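Input: a single structure, listed below in structure tokens.
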Amino acid sequence: MLIIRFNRTGRKSQSFFRLVVQEQAIAPGGRHVEVVGSWNPHKKEGVFKNERIMHWIKNGAQCSDSVHNLLVSQKIIEGKKRSLSIERPKSEEVPAETVENSAPAKSV
């Protein structure tokens, strides 16, 4: 299955992304079918090949969540933004008794 996703380039702390069409099983930095745009997150500006993006979407390519949200915000495609699938672990509260009993004993 083809997917449109980000490919990170640029130096450390100066990230720059290319929008690439590639097989889903290939690593994001690996071989791609076509470069369909670029995005600079620091300046919030990008260059997109609208016709090629629409061509790949019509031929069955799926967009990653981040790319989909970017294309919706740039009004290249229509729809609602997707929630990103990043789940953060919830911090569990430890009872105070457990904390006091687990303190190491002082040696004399």
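Keep in mind that what you see is a predicted model, and the values were worked out from it rather than measured.
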task: Tell me, yes or no, whether the heavy-atom count around Gln14 atom CD, taken from other residues, nucleotides or ligands under 6.0 Å, exceeds 12.
output: yes
- prompt: Is Ser15 close to His42 at the side-chain level, that is, under 4.5 Å between some pair of heavy atoms?
  reply: yes
message: Is there a continuous path of hydrophobic side-chain contacts, each under 4.5 Å between heavy atoms, that joins Trp39 to Ile57?
response: yes
- prompt: Closest approach of Leu71 and Leu19, non-hydrogen atoms and distance?
  reply: CD2-CD2, 4.3 Å
query: Minimum heavy-atom separation for Ile4 to Ala61, with atom names?
result: CG1-CB, 4.3 Å
message: Measuring from atom CZ of Arg18 to atom CD of Glu34, what distance do you get when rounded to the nearest 0.5 angstrom?
response: 12.5 Å
message: Take a 6.0 Å sphere around CZ of Arg8 and say whether it holds more than 12 heavy atoms from other residues, nucleotides or ligands.
response: yes
- request: Verify side chain to side chain contact (heavy atoms under 4.5 Å, CB included) between Thr9 and Phe17, making sure each step is shown before the conclusion.
  value: CA-CA 6 Å; Thr9 58; Phe17 296 94; over 6 Å; no
Any side-chain heavy-atom pair of Leu84 and Asn69 under 4.5 Å: yes
query: Is any side-chain heavy atom of Ile77 less than 4.5 Å from a side-chain heavy atom of Met54?
result: yes
- request: Show your reasoning for whether side chain to side chain contact (heavy atoms under 4.5 Å, CB included) applies to Leu2 and Gln24.
  value: CA-CA 6 Å; Leu2 291 175; Gln24 187 174 9; over 6 Å; no
- request: Please report the shortest heavy-atom distance between Trp56 and Val36, naming the atom on each side.
  value: CD1-CG1, 4.0 Å
message: With a 4.5 Å cut-off on side-chain heavy atoms, are Val35 and Asn7 touching?
response: no
query: So, Arg5 and Gln22: side-chain donor and acceptor under 3.5 Å apart, yes or no?
result: yes
- request: Spell out, yes or no, whether Val33 and Ile53 are grouped together once hydrophobic residues are joined by side-chain heavy atoms under 4.5 Å, including indirect joins.
  value: yes
query: Of all heavy-atom pairs between Ser66 and Phe6, which one has the smallest distance, and what is that distance?
result: CB-CE1, 3.6 Å
- prompt: Applying the 4.5 Å side-chain criterion to the ILVMFWY set and letting contacts propagate, would Ile76 and Val21 be lumped into a single cluster?
  reply: yes
